[in-house]
Number of protein chains: 2
Amino acid sequence: MASTVAYTPDETDAVPQAEPRFAPLYRQIKSLITKRLQAGDWKPGEPIPSETELASRYKVSQGTVRKAIDELAADNLVVRKQGRGTFVSSHLEVRTQFRFLRLRPDEYGQDDVSDAGAPGGEFQRGAVSSAGRSVQGQVLRSQVLECRRMRAPAEIARVLQLRSGETVVQVRRLLDLEGQPTVLDEIWLPGARFRGLTAERLANYSGPFYALLETEFGTRMIRASERIKAVAAPAEVARVLHLKAGVPLLRVDRVSVTYEDQPVEFRRGWCTTERHHYFNELS
Amino acid sequence: MASTVAYTPDETDAVPQAEPRFAPLYRQIKSLITKRLQAGDWKPGEPIPSETELASRYKVSQGTVRKAIDELAADNLVVRKQGRGTFVSSHLEVRTQFRFLRLRPDEYGQDDVSDAGAPGGEFQRGAVSSAGRSVQGQVLRSQVLECRRMRAPAEIARVLQLRSGETVVQVRRLLDLEGQPTVLDEIWLPGARFRGLTAERLANYSGPFYALLETEFGTRMIRASERIKAVAAPAEVARVLHLKAGVPLLRVDRVSVTYEDQPVEFRRGWCTTERHHYFNELS
DNA sequence: TAGTGGTCTAGACCACCGT
DNA sequence: CGGTGGTCTAGACCACTAA
């Protein structure tokens with residue numbers, strides 16, 4: 001294949017359409033692979049074809065495929081395992097399980113956490129509406145309070161890029177960390193994408209929320225952005241968290257996106273920081 | 001040079017000592033370059049030698065140097081500029097100036113900020129004890145309230161890895177965002193490293209705090225980690241921020257490190273989030 | 001042992017920048 | 001134009017994993 005010219009598909013692949021022409025070859029390859037992931041041709045947890053296989057399939061050198069996969073790995077879409085292969089990443093894997101949970105107990109990792117090596121999260125099946133598991137040394141327990149379908153409030157519709165009045169699923173749940181009620185999450189999801197999502201389905205599922213969305217609804221959360229404010233606890237929130245109304249809480253608003261930067265979740269978390277803190281690395 | 005064996009220094013470079021032997025060649029090269037940066041042989045804003053130059057100097061292929069520099073660039077230690085060269089990154093550069101400031105006005109970037117392309121921060125010299133400048137579309141003004149030397153409190157000494165009782169510099173400053181007092185920063189620095197740092201020096205300097213530490217004291221902040229809590233504003237803090245005592249504030253504790261992960265700053269920021277929020281990207 | 005990702009090389013050519 | 005980083009190739013060898 002010529003070096004920088006537009007990629008011409010061979011028989012084994014879907015046509016690449018609205019791509020930025022004249023992108024470097026490795027980006028075109030990256031984009032082709034991403035499309036396959038998005039289409040679900042290669043599923044979370046499974047290996048993608050080997051570098052040599054992809055190289056011959058796309059008629060480029062292995063080095064080019066390598067660079068494409070390097071970026072996919074940097075984007076956390078894929079995980080390389082030496083000697084084994086390259087795997088579609090999944091919220092089910094221990095290493096990426098609570099990738100988006102930034103709340104840490106205050107005692108944890110006094111200095112930089114650097115690598116910390118999470119002690120492998122073994123799952124314990126919980127009672128109805130709950131699941132208990134260990135993550136980063138802390139015991140995590142999730143209890144679903146509510147799951148209902150409703151017409152999207154204007155604000156939610158805007159964020160999720162829905163027409164106003166379209167239906168959304170609202171989930172409210174309580175997170176216990178070390179036995180303390182710590183986070184109240186209010187989650188909104190596009191109704192169309194998560195058709196069969198019910199309170200019962202959630203109750204019977206033990207495991208990370210995003211893992212359920214991934215395995216049951218084929219929607220993988222890729223990336224998210226958060227906005228954090230300090231607020232006084234509203235009465236209703238305080239009640240659920242067993243706190244006095246008005247105590248300071250972290251209000252964490254999160255927009256999560258799948259492939260192509262499609263927003264598919266809006267979440268508002270109300271967090272006590274009496275025994276925990278929000279952790280962040282700057283670089 | 002043989003492929004994976006230990007690197008043997010040639011005449012042009014300091015001996016590599018306590019390095020993890022049997023690291024890949026490119027990491028050894030990376031480490032050699034890092035040492036040069038740390039030693040100040042190549043200064044912030046200046047170019048480092050070209051890839052071909054480094055390749056011949058270290059007697060490795062250009063590809064290997066390239067991979068080393070790729071990582072340095074990913075670590076933000078260095079910035080590549082096509083056609084020009086590779087430059088030691090600096091807190092003076094517009095693009096990295098307020099790299100660590102995560103507070104955004106609420107209206108800014110309704111959706112993902114993605115790339116946003118900050119509109120180039122032109123500096124305006126301010127009155128004594130202050131500097132006004134524009135960053136990411138918001139007007140930022142810093143006012144030094146206090147700068148004194150003191151014996152390190154136990155907690156500070158621990159974080160900065162000093163012997164208890166060693167002297168530290170404490171700086172207190174107020175950040176105005178869009179004319180609103182928004183953040184009160186309490187900063188502790190190791191006294192030994194920042195010997196000539198005085199209130200006057202700070203007052204006469206217009207520009208980012210870290211840029212001053214970099215240019216005047218040769219200490220570059222590489223990386224930081226933050227812990228965030230929601231707290232009720234202490235009376236003293238509230239007074240400075242023109243708020244009522246007890247209103248919810250973000251308390252952001254930051255530990256910043258230089259090369260070799262040496263901690264060199266502890267900072268506690270008290271932030272109102274009435275008109276701003278803390279922004280974070282998860283991936 | 002065969003297959004995978006990881007490292008290293010050498011050389012070609014391109015895109016961009018300043019002079 | 002010459003020099004810099006950016007892309008692409010082809011091939012060799014290493015390290016790790018699983019059968």
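So you know, we letter chains A, B, ... as the sequences are listed, proteins then strands, and number each from 1.
In the set dC8(C), dG6(C), dT7(D), dT7(D) carries the atom at the smallest distance from any side-chain atom of P24(A). Minimum atom distance to the side chain of T86(B) is reached by dG5(D), of the listed dC8(C), dT7(D), dG5(D). Listed nucleotides dG6(D), dT7(C), dT7(D) differ in distance to R66(A); the shortest reach to its side chain belongs to dT7(C). The side chain of S61(A) lies closest to dA10(D), out of dA10(D), dT4(C), dT7(D). With distances taken from any side-chain atom of S50(B) to the nucleotides dC8(D), dG5(D), dG6(C), the minimum falls on dG5(D).
The side chain of R80(A) contributes an N or O atom lying less than 4.0 Å from OP1 or OP2 of dG6(C). Between T64(B) and the phosphate of dT9(C), there is a side-chain N or O to OP1/OP2 separation shorter than 4.0 Å. Contact check, K81(A) against dT4(C): no side-chain N or O comes under 4.0 Å of OP1 or OP2.
Side-chain contact check for F209(A) versus M221(A): every heavy-atom pair is 4.5 Å or farther apart. With contacts defined as side-chain heavy-atom distances shorter than 4.5 Å, the pair Q262(B)/R193(B) qualifies. With a 4.5 Å cut-off on side-chain heavy atoms, W42(A) and I33(A) count as touching. V60(B) places none of its side-chain heavy atoms less than 4.5 Å from the side chain of L54(B). In this structure the side chain of P263(B) never reaches within 4.5 angstrom of the side chain of E265(B), judged on heavy atoms. Inter-residue side-chain proximity for V79(B) and E93(B) is flagged as met; some heavy-atom pair is nearer than 4.5 Å. N280(A) has its side chain within reach of R102(A): a pair of non-hydrogen atoms, C-beta onward, lies under 4.5 Å apart. Side-chain contact check for R80(B) versus D70(B): some heavy-atom pair is nearer than 4.5 Å.
The distance from atom CG of L25(B) to atom C1' of dA15(D) is 15 Å, rounded to the nearest whole Å. If you measure from atom CD of E53(B) to atom P of dG2(D), you get 19 Å, rounded to the nearest angstrom. Spacing between atom CZ of F87(B) and atom P of dT4(D) amounts to 11 Å, rounded to whole angstrom units. To the nearest angstrom, P of dT7(C) lies 7 Å from CZ of R27(B). To the nearest angstrom, P of dT7(D) lies 12 Å from NZ of K30(A). At whole-Å resolution of the value, OH in Y26(B) and P in dA15(D) are 14 Å apart. Taking atom CD of Q62(A) as the reference point, atom P of dT9(C) lies 17 Å away to the nearest angstrom. Atom CD of E51(A) is separated from atom P of dC13(D) by 19 Å (rounded to the nearest Å).
Judged by distance alone, the side chains of Y210(A) and T219(A) never bring a donor and an acceptor atom under 3.5 Å apart.
Of the residues in residues 69-79 of chain A, none has a non-hydrogen atom less than 4.0 angstrom from any atom of DNA chain C. Contact check of residues 37-45 of chain B against DNA chain C (heavy atom, cut-off under 4.0 Å) returns no residues at all.
E46(A) is linked by a salt bridge (Lys or Arg N to Asp or Glu O under 4.0 Å) to nothing, counting only residues two or more places apart in sequence or in another chain. In terms of the ring pair (Phe, Tyr, Trp, His ring centres under 6.0 Å) criterion, residue partners of F194(A) (sequence neighbours excluded) are, by chain and number, F217(A). With sequence neighbours excluded, the residues that form a ring pair (Phe, Tyr, Trp, His ring centres under 6.0 Å) with F266(A) are W188(A).
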Heteroatom pairs (N/O) under 3.5 angstrom, protein to nucleotides 16-19 of chain C:
unit_1	atom_1	unit_2	atom_2	d
dC16(C)	O4'	Q82(B)	OE1	2.8

